[in-house]
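Just so it is clear: chains get the letters A, B, ... in the order the sequence lines come, proteins before strands, and each one is counted from 1. Only heavy atoms go into these numbers, but all of them, side chains included; no hydrogens, no water, no symmetry mates.
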Amino acid sequence: MSETRTLEALSLAAFMAPGAGRGRRVSTRDLSLNLDDLARATSLDADSASLEGRSVALVVSDMAKAAAALIELDGLARQILLCPPGVDAVTLAALARVAEIDALVHDGDAPEPDVGVATRVVCRLPLTPLAAPRRRSFATEWILPTSGTSGTPKLVAHTLATLTAPFQPDAGQRWATFYDIRRYGGLQIFLRALAGVESLTLSDPNESVEAFLLRLATAGATHISGTPSHWRQALMSPAIRRLSPQSARLSGEIADDATLAALKALFPAARVEHAYASTEAGVVFVVGDGRAGFPATLIGERSDMTIRIEDETLRVRSRCTALRYVGKDAPQLKDADGFVDTGDVVAHSGDRFVFFGRRGGIINVGGAKVHPEEVEAALNAHELVRASRVFARKNPITGALVAAEVVLRAGASADEATRRDILAACRVALAPYKAPTSLTFVAELPITEGGKLARHG
Amino acid sequence: MTTRLTILAAIREVAAEQGKTLAPLADDLPLMESGLDSLCFAILVARLEDALGADPFSEAHDGRLPITLGDLIAFYETARV
């Protein structure tokens with residue numbers, strides 16, 4: 001599958017060259033990696049020959065360690081499986097089997113992850129001196145788990161070329177992200193930071209949103225990326241007022257007008273953008289006009305990107321899409337014309353298209369289809385609502401009804417009057433079968449490891 | 001509140017929310033002529049499950065479903081909670 005290449009080909013080392021000598025760092029709460037040091041030091045406790053040409057599972061806890069290992073493994077390993085944080089043993093074993101893993105890079109802490117391979121290398125910070133220069137002779141495939149909100153992830157293969165196709169290096173961006181860099185959204189930010197000249201600030205799963213925002217303020221982050229769910233959490237934290245980004249970027253979930261407007265009000269000088277991207281389709285487009293959805297003019301054929309709509313679902317062909325799903329019995333990623341089916345349902349509305357949600361996430365109310373995301377957008381548009389989650393409630397008459405959980409804005413009282421007011425607003429905004437028929441107030445909503453609203457089932 | 005009064009209040013509430021005009025609520029009123037549609041009934045059943053802790057429509061039953069409003073009230077009054 002992989003082929004050797006010349007050193008002139010795209011490599012992370014070449015990518016990082018503009019920032020060399022500037023002392024930039026990749027920092028998490030607990031660790032900090034000086035990128036310049038990687039030229040003559042290593043995070044790995046084995047010589048690189050033992051990992052050359054291998055299919056390596058990267059299973060480490062801290063993202064600064066993951067950053068070091070990714071930079072070291074690119075060009076050396078045949079494949080890198082970027083294991084998501086907190087992956088359970090059963091899922092890890094399944095992913096390793098599908099990716100035909102034959103080496104492991106891990107923390108060295110007990111219990112060691114079990115992927116059934118003999119070659120096991122420990123990744124540690126701080127770095128130790130490098131014995132011999134690294135060999136980089138492979139066009140490494142980066143294997144990423146898909147970031148669905150439920151079920152076992154599928155694996156997709158990218159290369160540095162598909163991962164970095166979406167962007168042009170741009171020097172002055174001090175990036176930060178709520179994402180984990182082992183998922184597509186976070187990996188995009190990691191690679192953008194490497195291509196630039198400034199430091200990167202990363203989150204920690206055991207850190208409060210408030211503490212992370214304070215670190216971002218200290219680091220002077222100028223470009224901050226996360227899901228709408230991440231940003232809604234941030235909007236509930238006083239520390240968000242300490243930030244003054246040039247760009248606040250939302251991706252990974254449908255961006256709604258309410259969240260976009262709240263960020264624009266808080267950061268009037270910043271670009272508030274929402275990117276449409278997925279692990280499979282790559283980055284498709286970025287919308288910068290502050291409104292949900294995207295201009296209808298984006299549909300159509302361009303030299304580097306063709307977007308079309310089939311069965312109300314977005315299909316994408318571009319240089320940014322993944323190569324394929326990984327595994328012997330894996331489904332086809334692309335159709336005969338090279339299009340990736342995103343599974344994201346859109347609808348035409350004036351001069352724009354709006355996202356309706358995932359094709360598979362539909363609630364069926366007596367045969368009528370309801371996308372939870374459309375109902376959540378209506379809920380979030382209410383002035384008392386900060387965040388919401390919509391799900392199916394079983395019903396003996398219609399099969400299902402639409403139910404909702406709501407996080408109120410600070411100062412709103414969780415009483416019957418508020419409940420009735422929100423539900424009444426939904427009945428005005430939505431068709432009767434789409435409006436929630438029950439609503440509970442909750443203090444917070446569960447967010448997946450990937451930063452997306454956790455869906456039921 | 002008795003089961004009967006809970007049901008009558010819930011019917012009026014659902015009808016008002018959904019903009020339906022109700023027929024006079026007498027025990028011999030056929031439910032299909034009450035002015036509620038199937039979505040209203042679905043919502044009513046969900047509300048009554050929350051209020052009374054019972055959903056006789058989902059319980060194992062002998063296949064007899066209520067025809068009139070009086071049947072519906074009896075259906076809930078005899079339901080296992």
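Summarising the geometry, atom OG1 belonging to A/Thr398 is positioned 12.5 Å from atom CZ belonging to B/Phe41; distances are rounded to the nearest 0.5 Å.
Remark: B/Glu13 CD is packed, more than 12 non-hydrogen atoms of other residues, nucleotides or ligands lying under 6.0 Å away.
Minimum heavy-atom separation, A/Pro432 to B/Gln18: CB-OE1, 3.6 Å. Scanning all heavy atoms of the two residues, the minimum distance from B/Ala42 to A/Leu401 falls at O-CD1, 3.4 Å. Nearest heavy atom pair, residue A/Thr437 against residue B/Arg47, reads O-NH2, 3.4 Å.
Below 4.5 Å, heavy atoms of chain B meet heavy atoms from A/Arg420, A/Arg427, all part of residues 410-431 of chain A.
For A/Glu210, the side-chain hydrogen bond (donor to acceptor under 3.5 Å, both in side chains) test picks out no residue, with sequence neighbours left out.
Put simply, the residue from B/Val45, B/Ile43, B/Leu44 that forms a side-chain contact (heavy atoms from CB on, under 4.5 Å) with A/Ile397 is B/Val45.
Salt bridge absent: A/Lys394 and B/Asp55 never bring a charged side-chain N and a carboxylate O closer than 4.0 Å.
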